[in-house]
Amino acid sequence: ENPDIVLLGHSFGGLTIMKWLEEYYGEEEEEEGESDNKQQSINLAGVSLLCSVPPSGNGPMTLRFLFRSIRDSWKITAGFVLKKAITDKANCRELFFGGEDYDNG
């Protein structure tokens, strides 16, 4: 017997799970027998998405953020793309926790 599983997805992992669920469970037009076989192969007990990328992707969100604050967009780009968050404690703290050292302990 297949055990019940819970899928956990963070960030792009959440997007991946949503797309998989869409493909795996979303086909209403399939023949009934084929659909039943798919659902019997996995006992999905639940799904948890943590800070997931929206199903539409992160492009629209990124553009909204860019138009809202060029300064903050640069901090995000420098921190993640240029990997500045690895070596710059202040940049890392601001990206992951927000605020100053004294705000977050």
Side-chain angles (χ1 to χ4, degrees):
E1 181 179 319
N2 291 337
D4 289 342
I5 63 168
V6 175
L7 297 175
L8 302 173
H10 175 263
S11 189
F12 276 99
L15 177 63
T16 302
I17 289 173
M18 284 188 277
K19 291 300 183 183
W20 178 81
L21 288 170
E22 185 178 87
E23 184 176 316
Y24 195 82
Y25 290 105
E27 293 297 321
E28 299 293 331
E29 293 86 33
E30 287 189 59
E31 292 180 27
E32 194 170 307
E34 186 179 337
S35 180
D36 288 344
N37 288 339
K38 270 187 172 182
Q39 291 182 7
Q40 288 176 0
S41 65
I42 294 179
N43 295 328
L44 187 59
V47 174
S48 179
L49 306 177
L50 310 166
C51 301
S52 181
V53 173
S56 60
N58 68 353
M61 176 188 67
T62 303
L63 286 175
R64 283 194 309 272
F65 203 86
L66 178 64
F67 289 125
R68 188 176 74 204
S69 173
I70 292 177
R71 180 179 170 269
D72 289 343
S73 295
W74 170 248
K75 285 183 184 180
I76 291 169
T77 301
F80 292 116
V81 177
L82 303 178
K83 300 185 184 335
K84 191 171 177 145
I86 296 170
T87 58
D88 184 337
K89 179 182 174 185
N91 182 262
C92 180
R93 178 170 291 282
E94 187 170 0
L95 289 175
F96 289 99
F97 304 104
E100 302 293 330
D101 278 345
Y102 58 87
D103 291 338
N104 299 302

When clusters are formed by joining ILVMFWY residues with side-chain heavy atoms under 4.5 Å apart, either directly or through shared neighbours, do [X] and [Y] land in the same one?
X	Y	result
Leu82	Leu95	no
Phe96	Ile76	yes
Trp20	Ile5	yes
Leu63	Trp74	no
Leu66	Phe80	no

task = Any chance you could measure Cys92, atom SG, to Ile86, atom CD1, to the nearest 0.5 Å?
result = 9.0 Å

remark   = Taken to the nearest 0.5 Å, the spacing of Ser73 OG from Arg64 CZ works out to 12.0 Å

ask   = Counting heavy atoms not belonging to Leu50, are there more than 12 under 6.0 Å from its CG?
value = yes

Closest non-hydrogen atom pair between Leu49 and Met18, with its separation = CD1-CG, 3.7 Å

key: Considering all heavy atoms, the nearest Val6-Val47 contact   = CG1-N, 4.4 Å

